[in-house]
Amino acid sequence: MTPNLHLWLIPVLALIGAAINGLFGKRFSRQTVVAVALLFSGAAFAFALWVASQFSSLTTPHIETLATWIRAGEFRADFAFYLDQLSLVMLLVVTGVGFLIHIYSVGYMWEEGGFYRFFAYLNLFMFFMLTLVLASNYLLMFIGWEGVGLASYLLIGFWFTKDSAAAAGKKAFIVNRIGDFGFLIALFLMIQHFGSLDFAQVARGASPALPGGEALLTTIGLLLMVGAAGKSAQIPLYVWLPDAMEGPTPVSALIHAATMVTAGVYMVSRSHVIFEHAPGAMMVVAIIGTLTALFAATIGMCQTDIKKVLAYSTVSQLGYMFIACGVGAFSAGIFHLMTHAFFKGLLFLAAGSVIHAVGGEQDMRKMGGLRTKIPWTFWTMTAGTFAIAGFPPLAGFFSKDAILFKAFTSTYGSWIYWAIGVFTAFLTSFYMFRQWFSTFFGEYRGDDRADFHGHGEHGHGGIHESPAVMLVPLVILALLSVCGGWIGSERFDKFLAPAFHASEFTPVVQHGAMGMGPDTVVPATPVLPTGRRDVEVSETLLTGISVAAALLGFLLAGQLYYRRRDLPGKIARALGGFYETVLHKYYVDKIYAAVFVKPLIEGSTKLLWHGIDRDVIDASIDNSADGAREVSDAVRHMQSGNIRSYAGWVAAGAALVILYMVWVGTR
């Protein structure tokens with residue numbers, strides 16, 4: 001009999017920490033706030049490890065139903081948690097990386113105001129993210145989905161007194177609502193056609209034999225992708241993520257590198273049965289992922305803010321994950337999601353350590369020569385840089401190479417996806433080593449006092465290494481960035497196989513699903529064939545090409561930003577308008593502002609505010625009030641206080657009554 005793993009405790013532990021610090025943290029000392037935040041986030045991670053050890057002996061998903069949430073006719077939605085290999089990977093990433101970032105934040109945010117509020121928000125985010133990945137149905141997933149959007153808004157705008165931070169928080173919130181609208185419509189279609197939002201029921205019902213068939217599933221898949229594009233910052237809804245760097249650096253590491261932005265990839269992977277029967281939707285996923293990976297990488301080449309480089313890198317790497325999902329290589333996408341959490345979380349935290357060391361400066365043009373001044377930060381960031389660039393045998397090499405190989409050889413792959421992916425790998429290597437050389441090599445180009453003051457960074461009278469509480473998470477993530485891919489893509493694919501290849505395993509036993517008994521067997525659903533196309537290609541050759549691309553990016557960055565620092569300026573001037581276009585991010589934000597934001601604001605102001613609210617609603621109320629005032633003003637003159645006047649009015653009234661009675665009597 002399947003043991004009760006008490007999955008609900010994992011998100012609830014994080015919620016308890018958020019509630020304690022949120023309600024009482026203002027009265028606590030900083031040490032107490034830290035103890036509460038780390039205790040409950042660490043307990044969630046420890047419990048997740050215990051669950052993983054128990055789940056390793058299970059061959060079927062584990063479902064725990066707590067209560068019925070909604071029942072309307074035949075529709076039912078439960079408070080239920082679902083654990084399989086896919087959600088287990090996400091569970092360990094969220095709790096493990098999240099706990100390390102909590103530890104790092106102690107040192108990074110120690111001198112900041114709103115200290116208790118920051119950790120309450122971090123714990124709250126973990127609660128919603130864990131709810132998202134453990135949900136057994138799309139409705140509960142959507143609650144977590146919206147919750148992480150709320151937590152993201154709070155954390156991005158943590159320094160709400162800064163206009164740029166407040167604007168970035170609003171931008172992230174609004175853009176994600178656009179994507180969420182598509183997600184919500186997809187859920188309505190599922191209810192209409194499948195009668196349920198339960199993962200198992202949807203998987204059973206997702207068949208081309210449905211009324212509407214492939215067209216219906218394609219529509220649902222595309223709407224789900226709209227939601228995923230918003231949450232995971234894909235074209236055209238990627239614009240919020242770079243601005244989100246206005247939040248504290250630990251926020252960038254937790255939300256915008258390791259967890260929240262991967263929620264879209266997780267949702268698409270969880271919905272793989274729908275996409276498997278909708279090749280058109282899968283092709284759209286692959287195309288969007290490919291274009292986003294390339295587009296964001298080109299912008300990252302010209303950024304000078306150390307965090308903005310990593311932000312556009314995140315958008316690009318998420319594109320790789322969607323390429324994998326689009327060609328049916330869901331396991332490869334989740335593999336890259338996991339390794340990306342290691343090396344991108346590391347890179348953001350290391351960037352925060354650099355910023356902390358130089359007193360708040362984020363412009364790489366004012367850095368340089370830091371490798372001897374902050375050696376721990378240098379070596380850990382070096383591990384992350386080589387990992388994301390795809391050098392063997394680091395983690396990024398295995399996961400990125402798995403995606404590129406599947407993109408070329410998969411049934412739904414294409415050499416075009418592969419070629420653009422390889423070129424993007426070259427760009428990734430180039431802009432990451434551009435950052436590496438600019439930050440750590442050459443002469444220091446900033447203020448020697450390192451005594452700038454700003455939100456989140458503190459001057460200490462000179463360049464200095466970060467405290468141990470910040471360095472320990474860096475070292476752990478660096479080790480994971482080096483060793484995290486050694487599991488190998490084939491072994492990882494085999495581990496995830498029960499979640500993606502149901503036809504190869506025993507039927508799934510569902511507990512308490514809608515319309516089914518506690519031991520109802522759900523028939524296995526055939527999946528999209530992800531075998532090789534009819535091509536003869538050497539995996540060694542493809543791997544060699546991708547490694548060569550990474551090496552070329554390293555050599556070119558070294559030539560331009562270490563040996564010949566005068567060349568980048570000359571090249572930029574030679575490129576002229578093209579360089580300016582890329583530098584200004586292809587003017588996408590300005591185009592969006594001109595086409596969507598400004599007309600919406602002006603239309604809302606002129607039509608809704610002036611035209612309807614003020615001229616119709618307010619005017620009707622104001623005019624009614626004016627009319628009542630005028631009538632009452634006229635009537636009040638009858639109350640003159642003169643007895644003779646009152647007697648006259650009484651006589652006039654009596655005369656009218658008599659005349660009326662006479663008129664009635666004569667009829």
Side-chain angles (χ1 to χ4, degrees), residues 286 289-302 309-310 312-313 316-321 323-324 327 329 332-333 335-336 339-340 342-344 347 381-410 413-438 441 481-486 488-490 532-533 535-564 567-568 571:
T290 303
L291 294 178
T292 303
L294 176 62
F295 182 78
T298 59
I299 298 177
M301 292 177 62
C302 298
V309 173
L310 298 178
Y312 281 104
S313 173
S316 181
Q317 295 302 306
L318 289 165
Y320 271 106
M321 300 175 205
I323 293 174
V327 300
F335 188 28
H336 195 56
T339 60
H340 180 265
F342 299 152
F343 58 70
K344 186 54 67 63
L347 287 168
M381 196 165 190
T382 297
T385 301
F386 276 85
I388 192 175
F391 278 87
L394 282 75
F397 162 75
F398 293 99
S399 57
K400 186 183 294 185
D401 190 65
I403 293 175
L404 293 175
F405 181 71
K406 293 289 187 180
F408 194 97
T409 62
S410 172
S414 168
W415 68 269
I416 297 176
Y417 301 151
W418 172 83
I420 295 177
V422 170
F423 182 64
T424 302
F426 158 71
L427 297 180
T428 301
S429 178
F430 173 77
Y431 67 68
M432 288 306 305
F433 282 110
R434 167 180 175 263
Q435 180 191 69
W436 188 64
F437 283 116
S438 298
F441 291 84
S481 298
V482 172
C483 307
W486 292 0
S489 58
E490 292 185 4
R532 300 185 182 186
R533 292 181 287 120
V535 294
E536 292 293 334
V537 62
S538 168
E539 183 174 0
T540 303
L541 175 62
L542 295 181
T543 300
I545 293 174
S546 64
V547 173
L551 180 60
L552 181 61
F554 169 77
L555 295 175
L556 184 60
Q559 181 67 22
L560 295 179
Y561 293 96
Y562 181 61
R563 295 184 179 87
R564 295 287 306 278
L567 286 179
I571 295 173

Shortest non-hydrogen contact from I403 toward I323: CG2-CG2, 4.3 Å
Between A324 and A332, what is the shortest heavy-atom contact and its length? CB-C, 4.2 Å
Going from CE on M321 to OG1 on T292, what distance comes out if it is rounded to the nearest 0.5 angstrom? 12.5 Å
Listed partners of T290 passing side-chain hydrogen bond (donor to acceptor under 3.5 Å, both in side chains), at least two apart: none
Test side-chain hydrogen bond (donor to acceptor under 3.5 Å, both in side chains) applied to S546 - qualifying residues, sequence neighbours left out: D401
When rounded to the nearest 0.5 Å, the distance separating CZ of F423 from OG1 of T428 is 10.5 Å
Sidechain-backbone polar pair: S316 side chain, Y312 backbone, donor-acceptor under 3.5 Å: no
Residues 550-562, side-chain donor-acceptor partners within the protein, below 3.5 Å, at least two apart:
residue : atom : partner : partner atom : Å
Y561    : OH   : R434    : NE           : 3.2

From CE (M432) to CG (L347), nearest 0.5 Å: 4.5 Å
Mind checking what makes side-chain hydrogen bond (donor to acceptor under 3.5 Å, both in side chains) contact with T298, not counting sequence neighbours? Y586
Out of curiosity, L291 CG to T424 OG1, how far, rounded to the nearest 0.5 Å? 9.5 Å
Can you confirm whether F433 sits close enough to F386 that some side-chain heavy atom of one is under 4.5 Å from a side-chain heavy atom of the other? yes
Can any side-chain N or O of Y320 pair as donor or acceptor with the backbone N or O of A425 at less than 3.5 Å? yes
Going from CG on L318 to NE2 on H336, what distance comes out if it is rounded to the nearest 0.5 angstrom? 8.5 Å
From CA spacing to verdict: side-chain contact (heavy atoms from CB on, under 4.5 Å), L542, L404: CA-CA 8 Å; L542 295 181; L404 293 175; over 6 Å; no
Does a side-chain heavy-atom distance below 4.5 Å link K400 with T339? no
Check: W418 and I545 side chains under 4.5 Å, non-hydrogen atoms: yes
Can you confirm whether F335 sits close enough to S399 that some side-chain heavy atom of one is under 4.5 Å from a side-chain heavy atom of the other? yes
Under the rule for side-chain hydrogen bond (donor to acceptor under 3.5 Å, both in side chains), what residues qualify as partners of Y431, not counting sequence neighbours? S313
If you round to the nearest 0.5 Å, how far is CZ of F405 from CG of L541? 10.5 Å
Those residues that, when tested against F397, pass ring-ring contact (aromatic ring centres under 6.0 Å, His included) (two or more places apart): none
Which heavy atom of A549 sits nearest a heavy atom of S429, and at what distance? O-CB, 4.4 Å
Return the orientation label for the F343 and H340 ring planes: parallel under 30°, perpendicular over 60°, tilted otherwise. perpendicular
